[in-house]
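Read through the structure below, which is laid out as C-alpha cells, and then see the notes.
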Amino acid sequence: MNESSLSDCVKVIKNEEVAADLMRYCLRGWYMPEVLEEGELNYGKFDLQNTVEQNILANLLGYEIVRQGEEQFALKRWDESERTVMTELYYVDREYRDSYYMYYARKHSDYERFTMRIIIFKGDVASEIEQHNSERLQRCFIGSCVLRPLQVGAIGKSLISPCYILCQKQKDYYIRTSTYRISPLGIPLSIEAFPYMMQDGETVTCAEVTLINLFDYFSAQYTEYRYLRPSEIQRIVSAHSFERILPSKGLNYEMLSKVLSDQGFEPKLYMSKQKHATWDIRRCLSRYVESGIPVAVELKNPQTGTCHSVICIGREKRKKVEDVIRSIERQYSLNSGTERDKNVLHFYDTADSYTEYVIMDDNRIPYQPVKIVPKLLKNDKGTGKKNIYCMDDQIIAGFAAPLHTRMVIDAEQAESLCLTFLASPELDVATLYGNIDLEGIEGTDAIYEDLGKTKDNPLIIRLFLTSAATYRKQRAEATEHSEIKDIYAQLPLPHFVWVCELYTTKSYGDEKAVGEIVLDGTASPNAEQGSIVLMQYPYRLGFRYPDEPSSTLFERLNNVIKNWSPFKAFDRNGFKNGIRGQSKKRRPLFNADAFFIWKFYTPEAP
C-alpha cells in the first residue's frame with residue numbers, strides 16, 4: 001500500500017477540527033458533495049448539533065458535544081488518546097441493501113445503493129494498518145460503524161466495544177455480547193459487542209430495530225437461530241396485518257412477540273396493562289437479565305402516550321449486602337389468618353436491589369445505563385395516582401423475553417415454587433438444620449437455627465435461569481467436597497434449570513451460598529415437588545434421577561453431610577463480559593472470556 005492510497009482511507013484524529021471534518025464527511029460528504037468551484041467541495045448542510053448520530057460519532061472519536069451559547073455546540077475531548085479511522089467506501093451493508101431493494105429503489109428520488117463503513121482504533125496506528133499488523137490493531141480496535149446515505153437514521157449496523165463507552169461512567173457493569181469478525185483491507189479483526197443500529201423511520205422503526213438486533217445477536221451466539229432481514233420481518237408482519245406495512249408505522253409488542261414465535265422462540269410477554277397480574281414487572285425483568293437473556297422492553301411516554309422499544313442487555317455490578325437489605329423486605333407464608341404469623345418466611349430478593357440496567361436504544365448512544373424505579377403517576381383514568389415502574393422518565397409498558405423452546409417454567413412460576421418450598425414447615429432451612437445432631441460436626445453456625453424465621457435473620461435469595469452444561473461446569477469446579485462434586489458432575493440434568501441460591505447476610509457479603517434449590521426448567525408448572533431436581537441446605541443434600549419420584553430426593557435430604565461448607569456463588573449465569581468503568585488515568589478493563597468467568601484485564605497501551 002503506497003502512501004497516497006493509505007492517506008485516502010486512513011485518518012488520524014489529533015484535534016477537534018479534524019474530528020469535526022470527519023463527522024461532516026461521514027454524515028454528508030461521502031454521498032452528497034456539491035462542487036462549488038474547481039477543487040472546492042461543500043459537504044451539504046452540516047452544523048454541529050446535539051443529535052444522536054453526531055453524539056455517537058463524537059464519542060467514538062474521543063469527544064463529547066457540549067453546548068456553547070444558546071444555539072451553538074462544540075467538541076470537547078473526554079479521552080486524551082488519539083483515534084485512527086479507516087474508511088471503506090462502496091460497502092454493502094446487508095440491512096440497508098435489503099431495505100433499499102424493498103423500498104428506496106421504488107422512489108422517484110435517487111438513493112445510493114452503497115454505504116460507507118468506518119473502523120476506529122485507539123491511538124495513532126496508521127503505520128500498523130500499512131504493515132497489516134493485525135495483532136497490534138486487534139489490541140487497539142474500538143469498533144466499526146456503518147453510515148447510510150439517509151437524512152434520518154444515518155447510523156447503520158455498528159459493532160462497538162462496550163468498554164470504550166462505559167469507561168466514562170466510573171462504574172462496573174455486566175452485559176451480554178457476542179463475537180463478531182470483520183476483515184477491513186483484508187486485516188482480520190474480532191470484537192465482543194451487541195449489535196446497534198438506528199431506525200430510518202420508513203422501512204424500520206424502533207420495534208423492527210429491536211427485532212433485527214435480537215436476531216443478529218442470537219444468530220451470532222447460537223447456531224440454531226438465523227438472522228432475519230428487514231424484508232423478512234415485514235413479510236411476517238404482512239401476513240397478520242390488515243393494511244399496508246410500508247412506510248412502517250411500528251409494531252405493537254403482540255406483533256413483535258409473533259415475529260419471535262415465527263422464528264423458533266417461545267417468547268414470554270409481560271404487559272403492565274394485564275389485569276389481575278400477580279407478578280412484579282421489574283422483578284421479572286431482573287430475573288431474565290440476571291439469566292443473561294436480552295429482553296425487549298416497551299416504553300411509554302407519560303405525556304404524549306407514544307411508545308418506544310429498546311433492548312435491555314445487562315445490569316450494574318453485584319450489589320453489596322447493605323444495598324440488598326435496604327431494598328424491599330418481603331414475607332411469604334403458606335398459611336392465612338392467625339396461622340400466618342407462625343410460619344412466615346422473611347427474606348430479601350437480590351432482584352429488588354438492582355435499579356440500574358444497560359440498554360441498547362436507537363435514540364441514544366449504545367450501552368446506556370438507565371435507572372428503573374417506581375414513580376407515583378396518574379392512573380389511566382386520571383382519577384388518582386399509582387406506583388408505576390419507569391425507565392428514567394419513560395413508563396415500562398411491558399417487555400418480551402425471547403425464551404428457548406425448552407424453557408417451560410417462567411420467572412414468576414419458578415419464584416412461586418421456590419418460595420413455597422422455603423416456607424414449608426417441613427422443607428425450610430431452619431427446620432432441617434434443627435433436626436441435625438450437631439455433635440461431632442465442625443464449623444456449625446447458629447445463624448441457621450432461625451434463618452428466614454425472623455426479621456433480624458432474613459434469608460437472601462437469588463433466582464436465575466441457566467443451561468445445565470454451564471451450571472454443571474461451574475459447580476463441579478467450585479465445589480471442594482469430593483462427594484458433592486461427583487454428584488454435580490454425574491447427575492442427569494434437563495437442558496435448562498432454574499437455580500435459587502440461598503444466602504445469609506454474612507455469606508452474601510462473602511459471595512458464598514449456603515444452599516440452593518434447582519428446578520427442572522422443562523417441567524410442567526403444575527409439577528410442584530416433581531419439578532425439584534436438587535436441594536442443598538446446610539449439611540444436607542437431596543437429589544433425584546429422572547426416573548425417580550420426588551420422595552427419593554427428600555429421603556436423601558434427610559442424610560447429614562458432616563464436612564459441608566458454604567459454596568461459591570454461581571458466576572457464569574449467561575453474562576459473557578464484565579465491563580468496568582475506570583478513571584481517565586487508568587485503562588478500561590474488559591473481559592472477553594468465552595466461558596463466562598469474571599476475569600478483568602488491562603489492554604496493552606497502543
Return yes if a side-chain donor-acceptor contact under 3.5 Å exists between [X] and [Y], otherwise no.
| X | Y | answer |
| --- | --- | --- |
| E356 | Y173 | yes |
| Q263 | R226 | yes |
| E208 | S248 | yes |
| E501 | Y503 | yes |
| Y63 | D79 | no |
| S353 | T350 | no |
| Y104 | D200 | yes |
| D362 | Q199 | yes |
| Y357 | E316 | no |
| E192 | T179 | yes |

Practice prompt. Indicate the ring-plane relationship of Y471 and F570, choosing parallel, tilted or perpendicular according to the 30° and 60° boundaries.
Written response: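 Because their plane-to-plane angle lies in the 30° to 60° range, the rings of Y471 and F570 count as tilted.
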| query | Taking the inter-plane angle between the rings of Y96 and Y100 on a 0 to 90° scale, is it parallel (under 30°), tilted (30 to 60°) or perpendicular (over 60°)? | reply | tilted
*R97 to F114 six-membered ring, cation-pi geometry met (6.0 Å, 45°)*: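 Verdict for F114: a cation-pi partner in R97.
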Inset, instruction - Would you kindly check if the NZ (Lys) or CZ (Arg) of R318 is within the cone defined by 45 degrees around the ring axis of Y508 and under 6.0 Å from the six-membered ring centre? - result: yes
Has [X] got a side-chain atom pairing as donor or acceptor with [Y]'s backbone, closer than 3.5 angstrom?
| X | Y | result |
| --- | --- | --- |
| R181 | L189 | no |
| S524 | N526 | yes |
| S241 | V237 | no |
| Y225 | Y217 | no |
| Q54 | D47 | yes |
| R117 | Y91 | no |
| S161 | Y164 | no |
| E232 | R229 | yes |

Does a side-chain N-to-carboxylate-O contact under 4.0 Å join [X] and [Y]?
| X | Y | value |
| --- | --- | --- |
| D323 | K320 | no |
| E412 | K268 | yes |
| R330 | E415 | yes |
| R462 | E290 | yes |
| R148 | D93 | no |
| R235 | D262 | no |
| R287 | D349 | yes |

Check the pair Y332 / F347 against ring-ring contact (aromatic ring centres under 6.0 Å, His included), numbers first and verdict last.
CA-CA 8 Å; Y332 186 85; F347 70 101; 7.3 Å; no
Quiz item: Is the F496-H404 ring centre distance short of 6.0 angstrom?
Solution: yes
Measure the shortest side-chain to side-chain distance between I56 and S158 over non-hydrogen atoms and say whether it is less than 4.5 angstrom.
no
Any side-chain heavy-atom pair from R364 and I359 closer than 4.5 angstrom?
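Of all side-chain heavy-atom pairs linking I359 with R364, at least one is under 4.5 Å.
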Provide the closest heavy-atom pair for V52 versus N363 in the form atom of the first, atom of the second, distance.
->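 Nearest pair, atom of V52 first, then N363: CG2-O, 3.0 Å.
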Only one of W279, Y253, Y288 passes side chain to side chain donor-acceptor pair (under 3.5 Å) with Y270, and that residue is Y288
Run the numbers on R94 and K157 for side chain to side chain contact (heavy atoms under 4.5 Å, CB included), then give the verdict.
CA-CA 9 Å; R94 63 178 177 178; K157 179 176 178 178; 3.7 Å; yes
- Run the numbers on F265 and F218 for ring-ring contact (aromatic ring centres under 6.0 Å, His included), then give the verdict. CA-CA 11 Å; F265 290 94; F218 278 104; 5.0 Å; yes
- request: Using a cut-off of 6.0 Å, state whether more than 12 heavy atoms not belonging to K107 lie near its atom NZ.
  value: yes
The side chain to side chain contact (heavy atoms under 4.5 Å, CB included) partner of Y348 among I328, I325, I461 is I325
